[in-house]
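Everything on this sheet refers to the single structure shown next.
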There are 2 protein chains.
Amino acid sequence: LLELREIAKIYRSGDQDFMALHDLDLDIERGEFVAVTGSSGSGKSTLMNILGCLDSPSRGTYRIDGRDVAGLSRIELAAIRNEFIGFVFQSFNLLARTSAAENVELPMIYARVPPAERRRRALESLERVGLGHRAGHHPSQLSGGQQQRVAIARALVTRPPLILADEPTGNLDSVTSLEIMGLLRELRSSGITVVFVTHERDIAAYADRQLALRDGAILSDTRSAEA
Amino acid sequence: LLELREIAKIYRSGDQDFMALHDLDLDIERGEFVAVTGSSGSGKSTLMNILGCLDSPSRGTYRIDGRDVAGLSRIELAAIRNEFIGFVFQSFNLLARTSAAENVELPMIYARVPPAERRRRALESLERVGLGHRAGHHPSQLSGGQQQRVAIARALVTRPPLILADEPTGNLDSVTSLEIMGLLRELRSSGITVVFVTHERDIAAYADRQLALRDGAILSDTRSAEA
Ligand SMILES: Nc1ncnc2c1ncn2[C@@H]1O[C@H](COP(=O)(O)OP(=O)(O)OP(=O)(O)O)[C@@H](O)[C@H]1O
Ligand SMILES: Nc1ncnc2c1ncn2[C@@H]1O[C@H](COP(=O)(O)OP(=O)(O)OP(=O)(O)O)[C@@H](O)[C@H]1O
Ligand SMILES: [Mg+2]
Ligand SMILES: [Mg+2]
């Protein structure tokens, strides 16, 4: 489904070049449940941004379902993101001036879902992350972990074929984290592909494949036995 | 050092009142190293904001070193925050348009530290969190965990008597988290009081006292034996 070949990402700041990813080859099949681990600054978010078509590599090719994304226009990339990918950002990226429910409705507006159905599905998605009672609150009226869960609810609401979650449990207590991981695992049993970044070992253990990054390269790629 | 008596915090949104903290009594002595745990939405950040004089309780009294903060003017409260408290926010709150080093210099500007010394101490503080090589970067050029560490470096740079850290390791891998906790523990051996929120059990274990919150109240208050 997702194919990265010889991917490199170089950030240029003034006179210094920094190589955030280098010589990265990666294949992810449909329905896989992959954890990405690695120390702070090792390139995890950079990799996720490339997988999510939010950023383009400096070198190498990225194919989604056989299609090279380098050739696509900005409009085509936006369409891929809206129709195909649900993204949970490391810093949530919620709209500050709208409620939790309205934030969750956003991907459905692109998909031209009618208002009444949008509302119903947004509330349903919020309930699944334990926030049905907070639907009307704005982000500033929510705790850190609640904001994180609104971001998760938003990424899941259109049931996209690919979910990319960057540290989805970083602000959540253990019980809530396990509920979220259970929710992601449930989705995956309906054929959805899930790639998530985490720095917690017991959260990474939910995946059936673990990619460890170090200094912008894949250090190890381990498939676990049937759990 | 810190004394909370019958603290309550009520958020009013429209017709609904929500009690984020209720009937909270708490004493924290100088030099203590306290972990605050609890599920998402249980009131941890609300408690930290009251301890840090960033928010006032709806009911009850809060005394710092015997002094009731309710009676203080906004200027006096700002002085207490600048001279006495180092705060690491759950969402970092870095200035986007200035470099990491300039962000870390900020508390020293209030303290009227001369420019050359400010620069030197900012770089030193960044090195202690492993970011000496990122001093010139702006927050958007830093990974999530790097931004978190800049926020930590900023809170520590004036060696304030009280450090309040809300999820300081939420975006950090295990190795970096342990380095940060080691750093906090080191500070505390020089008499600094540290209160930190975490949802990770092995991070909470660094403290010699653990406060568990539930639904806005203290569920348990455990002191560990000499570790
Ligand atoms: N301005 C506000 N208006 C209404 N409710 C609020 C407001 N700010 C916070 N709350 C509510 O108060 C409760 C406690 O929030 P708080 O941020 O203290 O939780 P927390 O324990 O820090 O959670 P987390 O672990 O998710 O960061 C939450 O249920 C939240 O929805
Ligand atoms: N715009 C940029 N300019 C320069 N360097 C950058 C830029 N964005 C990221 N970097 C650098 O690229 C490296 C990788 O960043 P990335 O965000 O992918 O790390 P990460 O693995 O997600 O880390 P974390 O666990 O802390 O979130 C970091 O060292 C960071 O400083
Ligand atoms: Mg990251
Ligand atoms: Mg919080």
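Lettering follows sequence order; numbering is per chain, from 1.
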Donor-acceptor check, side chain of B:Asp173 to backbone of A:Gly38, threshold 3.5 angstrom: yes or no?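 Here the side-chain-to-backbone pair does not exist.
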
To the nearest 0.5 angstrom, please state how far the [atom1] atom of [X] sits from the [atom2] atom of [Y].
| X | Y | atom1 | atom2 | result |
| --- | --- | --- | --- | --- |
| A:Phe18 | B:His137 | CZ | NE2 | 8.0 Å |
| A:Glu179 | B:Ser39 | CD | OG | 9.5 Å |
| B:Gln16 | A:His133 | CD | NE2 | 10.0 Å |
| A:Gln148 | B:Ser40 | CD | OG | 8.5 Å |
| A:His199 | B:Thr169 | NE2 | OG1 | 6.0 Å |
| B:Glu200 | A:Ser174 | CD | OG | 8.5 Å |

Of the backbone (N, CA, C, O) and the side chain (C-beta and beyond), which part of B:Gln141 lies under 4.5 Å from a heavy atom of chain A, both, or neither?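 Contact with chain A is through the side chain of B:Gln141 alone.
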
Using the test ring pair (Phe, Tyr, Trp, His ring centres under 6.0 Å), find all partners of B:Phe87 that sit at least two apart in sequence or belong to another chain.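 Only B:Phe89 meet the ring pair (Phe, Tyr, Trp, His ring centres under 6.0 Å) criterion with B:Phe87.
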
Looking at B:Leu172, B:Asp166, B:Thr176, which one has more heavy-atom pairs under 4.5 Å with chain A than the rest?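 Winner by heavy-atom pair count: B:Leu172.
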
Please rank B:Gly130, B:Ser45, B:Gly41 by heavy-atom pairs under 4.5 Å with chain A and give me the top one.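 Result: the option with the highest number of such pairs is B:Gly41.
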
Counting neighbours of CG on A:Asp215 that are heavy atoms of other residues, nucleotides or ligands and sit closer than 6.0 Å, is the number greater than 12?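 Count not over threshold, so no.
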
Quiz question: by atom type and distance under 3.5 Å, do the side chains of A:Glu167 and B:Asn171 form a donor-acceptor pair?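 Judged by distance alone, the side chains do not pair up.
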
